[in-house]
Asks: 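I have a structure here, written as structure tokens, and I will follow up with some questions on it.
Order of the sequence lines sets the chain letters (A, B, ...), proteins ahead of strands, with each chain counted from 1.
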Amino acid sequence: MSVDAKTVSRVAHLARIALPEGEVARMQGEINAMLGFVEQLNEVDVDGVEPMTSVMPMVMKKRADLVTDGGIAAQIVQNAPQSEDDYFMVPKVVE
Amino acid sequence: MTDLTTLTLTEARDGLKAKAFSATELAQAHVAAIEAARVLNAYVLETPEIALKQAEVSDARLAKGEGGWLEGLPLGIKDLYCTAGTRTTACSNILRNFVPTYESTVTSQLWRDGAVMLGKLNNDEFAMGSSNETSAFGPVINPWRRAGSNVSVGAADVEGTHLVPGGSSGGSSSAVAAHLCLAATATDTGGSIRQPAAFTGTVGIKPTYGRCSRWGIVAFASSLDQAGPIGKTVRDCAVMLRSMSGHDPKDTTSVDIAVPDYEKAIGRSVKGMKIGIPKEYRLDGMPAEIEKLWAAGIAWLRAAGAEIVDISLPHTRYALPAYYIVAPAEASSNLARYDGVRYGLREQGRDIAEMYEKTRAAGFGREVQRRIMIGTYVLSAGYYDAYYLRAQKVRTLIKKDFEDVFAAGIHAILTPATPSAAFGIGEKGSADPVEMYLNDIFTVTVNMAGLPGIAVPAGLDAEGLPLGLQLIGRPFDEETLFSLSEVIEQAAGRFSVQQRWWTGA
């Protein structure tokens with residue numbers, strides 16, 4: 001399988017990465033080189049094989065449903081590009 | 001007095017205990033060595049004030065006969081580990097000014113045990129690379145040079161053809177090899193500890209998945225990422241790993257089993273151990289030097305009383321293509337958090353979608369963008385089954401290959417660590433990314449199966465560059481890897497850079 005230019009632009013949008021027109025062809029070539037490389041996986045017979053979900057089998061750990069942390073709003077927004085009164089600020093989303 | 005930076009971690013530990021020198025003297029010697037080695041670009045942030053303050057505390061503890069396993073020992077920290085109050089970037093422009101308010105579990109354990117932080121080490125951006133060339137801070141230079149190399153230090157910079165230190169933990173491997181720290185933390189998703197160790201004559205171990213907590217380490221591919229050390233010797237790595245390991249309630253994949261004193265495994269007899277030699281790792285066109293190295297490793301282990309057994313791991317060749325679906329898929333999901341809202345870079349846009357797109361285009365480098373794109377594609381509607389689901393099934397088969405040989409009585413597997421010695425900066429992967437990815441062909445299977453793997457230097461190539469062997473172990477049997485790799489280290493000897501050309505002296 002290989003991707004066309006339109007698909008590359010669509011995937012860039014899905015990934016939320018601005019991809020200028022002039023860069024599409026290069027990215028398309030690189031993605032197609034990768035897809036060509038992984039094509040060999042089609043040789044493997046995977047009938048009846050379970051897909052891996054956990055590399056080390058273990059029972060999911062659960063903790064008590066208790067508040068263990070909090071009251072650190074100032075720390076949480078400390079690295080925010082823009083914040084006000086412990087809120088993250090973003091461009092207007094709803095008109 | 002001898003140059004304190006040339007000591008191994010455990011020699012320095014013993015020297016501090018014997019009061020042959022102080023932790024402050026040890027830290028000062030390393031701070032000076034780092035200043036004189038800036039052309040290597042191994043450190044992206046030097047923290048001498050932290051180092052000297054910690055050393056002072058260590059000296060007070062040592063004077064009272066107290067102190068942890070790593071008391072007063074200066075380390076370098078890969079810039080993927082969050083350090084509270086100290087900038088942590090993953091060597092990406094998107095995190096260029098990020099100062100964590102919390103400490104990764106692994107580094108907090110190192111400080112608990114008395115270690116001293118010299119600074120943050122360079123790496124490939126978000127650990128995506130095999131040469132440290134994708135770092136937003138520029139490439140790292142390998143302190144090793146080819147025989148007769150034209151590399152030297154010019155008026156402002158390094159001149160000539162210099163070599164990569166491997167990646168993604170290239171700052172870690174370069175710093176350890178150049179004596180800019182006694183040992184370093186690193187991380188390994190597809191070979192990022194073992195390949196750089198092999199390229200620099202150092203030792204690196206990726207422990208079993210779940211052995212070290214991933215909490216507070218910038219995530220790349222969560223089902224493959226593991227922390228581990230790079231050190232000058234096998235023994236040094238054993239001491240580091242003991243401190244780095246252990247259960248962490250904050251990481252649900254961290255395993256709650258006791259941490260052994262790995263140093264006790266050094267020198268333990270390997271007599272009667274069955275060592276598997278997988279025929280699938282004998283590649284067409286493999287350099288004769290690598291073949292020779294592998295044969296030498298076999299002979300050394302046999303001489304130590306191990307039994308050599310030919311084995312087959314039939315799905316080996318599918319590990320790398322499956323990895324290049326699974327890892328980008330997980331990366332595309334993990335890196336979705338960098339959106340310019342809560343931390344990191346923000347580029348303005350007309351609306352929020354444009355802000356996201358411009359921020360991510362400006363903040364991520366080319367390799368990272370490409371991997372996010374591939375990951376997004378293989379997870380998108382209509383392609384999920386064909387790519388991602390198939391790759392996860394192949395991963396099950398790769399793991400089963402290992403389970404079968406271990407069930408048949410094999411204790412560990414011996415392979416080459418890399419298909420070649422270190423290559424030149426700019427030499428690989430510029431036209432076809434797959435060329436660079438092939439570097440990890442011997443290491444990536446281990447991540448896919450979650451197993452422990454160690455790279456240990458075993459010889460030099462015709463150009464005088466170090467080459468490494470890899471030992472792969474059963475889950476949570478790092479001790480056997482330490483015992484076996486020390487046999488190789490004893491037989492092969494240690495490989496150190498002979499001349500500190502980078503100081504310009």
Asks: Sort A:F88 into side chain, backbone, both or neither according to what part of it lies under 4.5 angstrom from a heavy atom of chain B.
Replies: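 Looking at A:F88, just its side chain touches chain B.
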
Asks: Hey, do the aromatic rings of B:F126 and B:Y338 have their centres closer than 6.0 Å?
Replies: yes

Asks: For the residue pair B:I325 and B:P328, what are the closest heavy atoms and their distance?
Replies: O-CD, 3.5 Å

Asks: So for A:V93, is it side chain, backbone, both, or neither that comes closer than 4.5 Å to the heavy atoms of chain B?
Replies: side chain

Asks: Side chain, backbone, both or neither: which part of B:N97 has a non-hydrogen atom closer than 4.5 Å to chain A?
Replies: backbone

Asks: Which atoms form the tightest heavy-atom contact between B:A331 and B:M128, and what is the distance?
Replies: CB-CE, 3.7 Å

Asks: Among A:T68, A:V3, A:V44, A:V90, which residue forms the greatest number of heavy-atom pairs with chain B at distances under 4.5 Å?
Replies: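 Looking at each of A:T68, A:V3, A:V44, A:V90 in turn, A:V44 comes out on top.
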
Asks: So if I apply the side-chain hydrogen bond (donor to acceptor under 3.5 Å, both in side chains) rule between B:R214 and each of B:D225, B:T253, B:T252, which one comes out positive?
Replies: B:T253

Asks: Which region of A:L35, side chain (C-beta onward) or backbone (N, CA, C, O), has a non-hydrogen atom less than 4.5 Å from a non-hydrogen atom of chain B, or is it both or neither?
Replies: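 Answer is side chain: those atoms of A:L35 sit under 4.5 Å from chain B.
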
Asks: What is the minimum heavy-atom distance between A:A33 and B:V434, and which atoms define it?
Replies: O-CG2, 4.1 Å

Asks: Can a side-chain donor-acceptor contact be found between B:H247 and A:K61 if the only test is distance below 3.5 angstrom?
Replies: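 Indeed, the side chains of A:K61 and B:H247 share at least one donor-acceptor pair under 3.5 Å.
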
Asks: Just by distance, no angles: are the side chains of B:D251 and B:T105 close enough, under 3.5 Å, to form a donor-acceptor pair?
Replies: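 There is no such pair (donor and acceptor under 3.5 Å, judged by atom type) between the side chains of B:D251 and B:T105.
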
Asks: Verify the neighbour count for atom CD of A:E43: are there more than 12 heavy atoms of other residues, nucleotides or ligands below 6.0 Å?
Replies: yes

Asks: Can you see which heavy atom on B:R342 is nearest to which on A:P81, and at what distance?
Replies: C-CD, 4.2 Å

Asks: Could you tell me whether B:R366 and A:E30 make a salt bridge, using a distance below 4.0 angstrom between a side-chain N and a carboxylate O?
Replies: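 A salt bridge is present here (some side-chain N lies under 4.0 Å from a carboxylate O).
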
Asks: Can you tell me which portion of B:M355 sits under 4.5 Å from chain A's heavy atoms? Options are side chain, backbone, both or neither.
Replies: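 Only the side chain of B:M355 comes within 4.5 Å of chain A.
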
Asks: Would you say the side chains of B:T208 and B:E478 form a donor-acceptor pair under 3.5 Å?
Replies: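 Result is yes, a qualifying pair exists.
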
Asks: Tell me, for B:Y387 versus chain A, whether the close heavy atoms (under 4.5 Å) come from the side chain, the backbone, both or neither.
Replies: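 Answer is side chain: those atoms of B:Y387 sit under 4.5 Å from chain A.
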
Asks: Side chains of B:E125 and B:T134: donor-acceptor distance under 3.5 Å anywhere?
Replies: no

Asks: What option among A:V38, A:L41, A:L14 has the most heavy-atom pairs under 4.5 Å with chain B?
Replies: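 With the most close heavy-atom pairs to chain B, the winner is A:L41.
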
Asks: Which atoms of B:T359 come close to chain A, meaning under 4.5 Å heavy atom to heavy atom: side chain ones, backbone ones, both, or neither?
Replies: neither

Asks: To check you understand the geometry: which heavy-atom pair defines the closest contact between A:M56 and B:Y209, and what is its length?
Replies: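 The pair with the smallest heavy-atom distance is CG-O, 3.4 Å.
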
Asks: Report the option among B:H315, B:R317, B:K358 that has the most heavy-atom pairs separated by less than 4.5 Å from atoms of chain A.
Replies: B:R317

Asks: Sort out for me which of B:F98, B:Y324, B:Y356 touches chain A most, counting heavy-atom pairs under 4.5 Å.
Replies: B:F98

Asks: So which residue, B:S332, B:P249, B:A322, B:P100, ends up with the most heavy-atom pairs under 4.5 Å with chain A?
Replies: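 Looking at each of B:S332, B:P249, B:A322, B:P100 in turn, B:A322 comes out on top.
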
Asks: With a 4.5 angstrom heavy-atom cut-off, could you sort out which part of A:V8 is near chain B: side chain, backbone, both or neither?
Replies: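 Both parts, backbone and side chain.
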
Asks: Under a 4.5 Å heavy-atom cut-off, does chain B meet the side chain of A:Q78, its backbone, both or neither?
Replies: side chain

Asks: Please flag which part of B:A336 lies under 4.5 Å from any non-hydrogen atom of chain A: side chain, backbone, both or neither.
Replies: neither

Asks: Heavy-atom pairs under 4.5 Å with chain B: which of A:Q82, A:R63, A:K92, A:E23 has the most?
Replies: A:Q82

Asks: Below 4.5 Å, heavy-atom pairs only: which of B:Q369, B:R390, B:K399 has the largest tally toward chain A?
Replies: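 Ranked by heavy-atom pairs under 4.5 Å with chain A, first place is B:R390.
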
Asks: When heavy-atom pairs shorter than 4.5 Å are enumerated against chain B, which of A:N42, A:L19, A:V77, A:T53 gives the highest number?
Replies: A:N42

Asks: Under 4.5 Å heavy-atom distance to chain A, tell me which part of B:Y437 shows up: side chain, backbone, both or neither.
Replies: side chain

Asks: Under a 4.5 Å heavy-atom cut-off, does chain B meet the side chain of A:S83, its backbone, both or neither?
Replies: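 Contact with chain B involves no heavy atom of A:S83 at all.
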
Asks: Using non-hydrogen atoms only, which part of B:L320 is less than 4.5 Å away from chain A: side chain, backbone, both, or neither?
Replies: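 For B:L320, heavy atoms of backbone and side chain both lie under 4.5 Å from chain A.
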
Asks: Heavy-atom cut-off 4.5 Å, strictly under: side chain, backbone, both or neither for A:D45 against chain B?
Replies: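 Contact with chain B involves the backbone of A:D45 alone.
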
Asks: Compute whether any side-chain donor of one residue and acceptor of the other, for B:D248 and B:S213, lie under 3.5 angstrom apart.
Replies: yes

Asks: What part of B:F476 is in contact with chain A, defined as an atom under 4.5 angstrom from a non-hydrogen atom: side chain, backbone, both or neither?
Replies: side chain

